[in-house]
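Structure record follows, encoded as structure tokens.
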Number of protein chains: 2
Amino acid sequence: MAVDRARVLEEAAALLARRSTSSMDEIARAAGISRATLHRHFAGRDALIRALEQLGIEQLAQAMDAARLDEGDAAGALRRLVAEAQQVAGVLAFLFTENQLFEGEEVNAGWARLDTRIHALFRRGQEEGDFRIDLSATWLTEAFYGLVGAGAWAVQDGRVARNDLTHSIAELLLGGIRRSMEK
Amino acid sequence: MAVDRARVLEEAAALLARRSTSSMDEIARAAGISRATLHRHFAGRDALIRALEQLGIEQLAQAMDAARLDEGDAAGALRRLVAEAQQVAGVLAFLFTENQLFEGEEVNAGWARLDTRIHALFRRGQEEGDFRIDLSATWLTEAFYGLVGAGAWAVQDGRVARNDLTHSIAELLLGGIRRSMEK
DNA sequence: ATGGAATGAGACGTGAATGTCTCATCCAGT
DNA sequence: ACTGGATGAGACATTCACGTCTCATTCCAT
């Protein structure tokens, strides 16, 4: 088995992050293998997407681990999370829109766990008095995904510099647009 | 010509906002006409999307007009913009992801004009000292679209209450997550 | 070197959606 | 009532991606 499933998934993720409609053939070529081999390792497009979803979930979970969401103040944790999530942003944006299509179907339970963790982070910030409470933690979670996704696309299209992205997202989330009085 | 193009477009927009992959047949049925008639009024799927894009551009432009972006302080104008944009949020989210697919192709010039207006609003806020200047107006524009889109989806899936949405988006953009010291 | 496993190339059938066309029907204005 | 335009229903060809399969080739371990 010369083909590394993980490597194929990485390539697929990178390609689909750019062109979400890439065909199996394009994905195979991007991964440097033939379409036949791609099908040997993944039952079909659906299976590939599922595997990709699983990978994205694991990577985001790792990003959360690395961000140590429970340590320090919530603001710092959020900053670390944004920074760590940057790596996965592309796939995340893809999976985000992809999930939008599965209307009725049950969503991967993995997402629920991740949502819970982010939700808990915002909740903690609110309970510790750092975050405002008139914006629900649920909405903040959605906003987080939205900004990460929008940021990934903006970078992809060259409208925003990749180096600024982490700072841009974190600062917007934390401080908003208004000129801050403090600091 | 009993069929009202504008009405068909409205129905198509409503449907595609929910299911971006709806077929021509589904769109036709949603509009209460046959597929044949749909094709009589729009050369093809591509033409339909283009027309939808045009409609979205016009509606967003109207929303901007209604929001009177140049009047009052920038924060108030942004609040009004978010409120007005709410109506178009669904289609906007659809067109936003749709545009993501046209990588190389030239984007509809209409978008550029709209971007310019939003960009100018953020710029004005910065120049008047209301908005922070360490976040580029370009990024703020992207963030605006991202939050509006994410908000529309969150409402669609029932994760956020529609009534809260305008306030949630505007407040997050303006004030961020941090508990405000002022006010 | 050799034998088995993995791969690449490509043919093949399938299904879905598109776009075109025809024909019968319906409706409105005269 | 009549007539012309618009519509609905459906057949039809086409395209495209998918999934399956075969066969020759390559690669690796023994």
Side-chain angles (χ1 to χ4, degrees), chain A residues 1-56 91 93-95 97-105 108, chain B residues 1-56 91 93-95 97-105 108:
Chain A
M1 184 184 289
V3 168
D4 183 1
R5 265 181 67 112
R7 164 150 181 75
V8 172
L9 279 179
E10 291 290 348
E11 296 292 344
L15 178 60
L16 289 172
R18 274 177 294 143
R19 280 174 45 90
S20 60
T21 57
S22 303
S23 70
M24 290 294 276
D25 192 82
E26 292 171 309
I27 295 172
R29 289 181 189 286
I33 63 178
S34 74
R35 195 163 66 93
T37 301
L38 181 58
H39 270 93
R40 286 190 187 99
H41 289 276
F42 300 94
R45 187 176 223 284
D46 205 62
L48 176 63
I49 302 293
R50 299 296 177 155
L52 212 49
E53 187 176 27
Q54 198 54 43
L55 177 66
V91 215
F94 165 72
L95 295 172
T97 63
E98 197 72 8
N99 265 339
Q100 198 58 21
L101 302 181
F102 301 161
E103 25 180 344
E105 312 180 32
N108 190 319
Chain B
M1 184 185 289
V3 168
D4 183 0
R5 266 181 68 111
R7 167 152 181 73
V8 173
L9 280 178
E10 291 291 347
E11 295 293 344
L15 178 59
L16 289 171
R18 274 178 293 144
R19 279 175 44 89
S20 60
T21 57
S22 303
S23 69
M24 290 295 275
D25 192 83
E26 291 172 310
I27 295 173
R29 288 181 191 287
I33 62 178
S34 75
R35 196 164 66 94
T37 301
L38 181 58
H39 269 93
R40 286 190 188 99
H41 289 276
F42 299 94
R45 189 175 223 285
D46 205 61
L48 176 63
I49 302 292
R50 299 296 178 155
L52 212 49
E53 187 175 28
Q54 197 55 42
L55 178 67
V91 214
F94 164 70
L95 295 173
T97 63
E98 197 73 6
N99 265 338
Q100 198 58 21
L101 302 181
F102 302 162
E103 27 180 343
E105 314 180 30
N108 190 319

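Chain identifiers are assigned alphabetically (A, B, ...) following the order of the sequence lines, protein sequences preceding nucleic acid strands; residue numbering begins at 1 within each chain. Note: hydrogens, waters and symmetry copies are ignored here, and every other heavy atom, side chains too, is used. Not measured: the values here are computed from a predicted model.
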| query | For the side chain of A/Arg40, counting heavy atoms from C-beta on, which of D/dC18, D/dG8, D/dC23 is nearest? | reply | D/dC23

| d(CG, B/Asp4; P, D/dA6) in whole Å | 15 Å

| note | Taken to the nearest 0.5 Å, the spacing of A/Leu9 CG from A/Leu48 CG works out to 6.5 Å

| said: Can you measure A/Asp25 atom CG to D/dT20 atom P for me and round it to whole angstrom units? | reply: 16 Å

| remark: Closest to the side chain of A/Met24, out of D/dA9, D/dG19, D/dT7, is D/dG19

| said: From CZ of A/Phe42 over to P of C/dT7, roughly how many Å is that when rounded to an integer? | reply: 12 Å

| query | Distance from A/His39 atom NE2 to A/Arg45 atom CZ, nearest 0.5 Å? | reply | 10.0 Å

| request: For A/Asp46 and C/dA16, give me the distance from atom CG to atom P, rounded to whole Å. | output: 15 Å

| query | When the nearest nucleotide of DNA chain D is assigned to B/Gly32 and to A/Gly44 on a heavy-atom basis, which residue is associated with the more 5' position? | reply | B/Gly32

| Choosing from D/dG19, C/dT20, D/dG8, which nucleotide comes nearest the side chain of A/His39? | D/dG19

| request: Quickly work out the B/Arg29 CZ to C/dA17 P distance and round it to whole Å. | output: 12 Å

| message | At less than 3.5 Å, do the side-chain atoms of A/Arg35 and the base atoms of D/dG19 form a donor-acceptor pair? | response | yes

| field | Interatomic distance, B/Leu55 atom CG to B/Glu10 atom CD [nearest 0.5 angstrom] | value | 5.5 Å

| request: Could you tell me whether the side chain of B/Asn108 reaches within less than 4.5 Å of the side chain of B/Asn99, counting heavy atoms only? | output: no

| field | Separation of B/Leu16 CG from B/Glu98 CD (nearest 0.5 Å) | value | 8.0 Å

| Quick one: is B/Ser34 getting a side-chain N or O under 4.0 Å of the D/dG8 phosphate, OP1 or OP2? | yes

| request: Pick base, sugar-phosphate or nothing for B/Arg45, based on heavy-atom distances below 4.0 Å to the nucleic acid. | output: sugar-phosphate

| request: May I have the distance from A/His41 (atom NE2) to C/dA5 (atom P), rounded to whole angstrom? | output: 15 Å

| said: Output the rounded distance in Å from CG (A/Leu48) to P (D/dA17). | reply: 16 Å

| B/Ser23 vs C/dA17: side-chain N/O to OP1/OP2 distance below 4.0 Å | no

